[in-house]
Amino acid sequence: MKNANENVEIMEDDEIVTLYDDNNEPVDFYEVACVEYKDDYYALLEPVEEMEGLEDGDVLIFKLEEQEDGTDLFVPVEDEALLNEVFDEYMKAVADHECDCGCEDCDGDCDGDCEDNCDCGCGHDGCDCGN
């Protein structure tokens, strides 16, 4: 992972976090990023399955609080200004997250491993010529 913003960790793996709704039903989320902002930590989570009121690619932001037993408690952030500030920190890190594989068709998430992740445009799938 390459991050110019050291306060944001963009998750490379599809780590799943399971939270429970008001009916105590499990809901799975992909952990997109963790943002340290004003001495607190926030998790940006994307639902694994479609959720009412959210479009594909939308994220929910939760403040992480440590419980007495050492586990994390995910507290929904409801303050609109804080949501925007945390999301802006994440977006700055995403903008700074540049791929340097040399492949013009790369979408930025290949971690320099062009052979397995993109077609460089030369007509040979998976080549590492950098064109």
Side-chain angles (χ1 to χ4, degrees):
M1 175 177 62
K2 185 191 284 187
N3 259 335
N5 184 336
E6 62 188 39
N7 294 328
V8 177
E9 181 180 0
I10 299 171
M11 304 307 180
E12 301 285 335
D13 300 324
D14 288 336
E15 184 173 332
I16 293 183
V17 173
T18 302
L19 302 180
Y20 293 86
D21 66 13
D22 294 336
N23 298 322
N24 208 27
E25 295 292 325
V27 181
D28 291 333
F29 294 90
Y30 293 116
E31 188 171 11
V32 175
C34 185
V35 176
E36 181 181 0
Y37 184 72
K38 293 186 178 179
D39 297 324
D40 289 317
Y41 291 91
Y42 299 89
L44 279 72
L45 304 179
E46 180 180 0
V48 170
E49 295 181 8
E50 190 175 309
M51 287 184 76
E52 185 177 326
L54 295 178
E55 294 184 23
D56 190 35
D58 283 353
V59 296
L60 300 173
I61 300 176
F62 294 86
K63 181 178 179 183
L64 296 175
E65 295 181 0
E66 188 173 336
Q67 299 184 94
E68 288 181 18
D69 65 0
T71 59
D72 287 329
L73 177 65
F74 290 75
V75 179
V77 176
E78 296 178 5
D79 180 312
E80 191 73 30
L82 180 59
L83 284 169
N84 289 330
E85 291 168 8
V86 171
F87 190 73
D88 287 346
E89 286 295 307
Y90 165 69
M91 291 305 295
K92 283 189 247 178
V94 168
D96 292 340
H97 185 84
E98 296 177 12
C99 176
D100 60 359
C101 74
C103 180
E104 64 187 49
D105 292 335
C106 180
D107 62 5
D109 63 359
C110 77
D111 294 329
D113 188 12
C114 186
E115 289 182 38
D116 295 331
N117 292 297
C118 62
D119 176 8
C120 71
C122 71
H124 301 108
D125 286 341
C127 113
D128 62 353
C129 71
N131 292 327

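Quick note: numbers below take in every heavy atom, side chains included, and nothing from hydrogens, waters or symmetry partners. Bear in mind that the values here come from a model prediction, so they are computed numbers and not experimental data.
A continuous path of ILVMFWY side-chain contacts below 4.5 Å connects Ile61 to Met91, so both sit in one hydrophobic cluster. Phe87 and Val94 fall within the same hydrophobic cluster, defined by Ile, Leu, Val, Met, Phe, Trp and Tyr side-chain heavy atoms under 4.5 Å apart, directly or through other members. Grouping the Ile, Leu, Val, Met, Phe, Trp and Tyr side chains by contacts below 4.5 angstrom, directly or via other members, places Leu19 apart from Tyr42.
For Asn23 (side chain) and Glu25 (main-chain N/O), no donor-acceptor pair under 3.5 Å exists by modelled atom type. A donor-acceptor pair under 3.5 Å links the side-chain atoms of Asn84 to the main chain of Glu80, judged by distance alone.
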Distance-only criterion, 3.5 Å: show the donor-acceptor pairs between side-chain atoms of residues 31-39 and protein atoms not counting sequence neighbours.
unit_1: Tyr37; atom_1: OH; unit_2: Glu85; atom_2: OE1; d: 2.9

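The number of heavy atoms from other shown groups lying within 6.0 Å of CG (Asp22) does not exceed 12. Annotation: Gln67, atom CD; neighbour count of heavy atoms from other residues, nucleotides and ligands within 6.0 Å is above 12. Asp56 CG: 12 or fewer foreign heavy atoms inside a 6.0 Å radius. For Tyr41, the OH atom is loosely surrounded, since the number of other residues' heavy atoms within 6.0 Å does not exceed 12.
Considering OH of Tyr90 and CD1 of Ile10, their distance stands at 6.0 Å, rounded to 0.5 Å. If you take CD on Glu66 and CG on Leu73, they are separated by 11.0 Å, rounding to the nearest 0.5 Å.
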Going through the distances and angles, do Lys63 and Glu65 end up as a side chain to side chain contact (heavy atoms under 4.5 Å, CB included)? CA-CA 6 Å; Lys63 181 178 179 183; Glu65 295 181 0; 3.9 Å; yes
Side chain to side chain contact (heavy atoms under 4.5 Å, CB included) assessment of Leu45 paired with Phe74: CA-CA 10 Å; Leu45 304 179; Phe74 290 75; 4.1 Å; yes
Using the rule given for side chain to side chain contact (heavy atoms under 4.5 Å, CB included), can you reason through Leu44 versus Val86, listing the C-alpha separation, both sets of side-chain angles and the distance that settles it, and then say yes or no? CA-CA 9 Å; Leu44 279 72; Val86 171; 4.2 Å; yes
Kindly indicate, with the supporting measurements, whether the criterion side chain to side chain contact (heavy atoms under 4.5 Å, CB included) is fulfilled by Val17 and Asp28. CA-CA 6 Å; Val17 173; Asp28 291 333; over 6 Å; no
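Considering every non-hydrogen atom in both Pro47 and Leu54, the closest pair reads CG-CD1, 3.6 Å. Val59 and Glu46 get closest at one heavy-atom pair: CG1-CB, 4.3 Å. Closest approach of Asn24 and Tyr20 over heavy atoms only: O-CD2, 3.6 Å.
Apart from Tyr30 itself, the hydrophobic cluster it occupies contains Ile16, Val48, where clustering links Ile, Leu, Val, Met, Phe, Trp and Tyr at side-chain heavy-atom distances under 4.5 Å.
Using a 4.5 Å heavy-atom cutoff, the side chains of Pro76 and Leu60 are not in contact.
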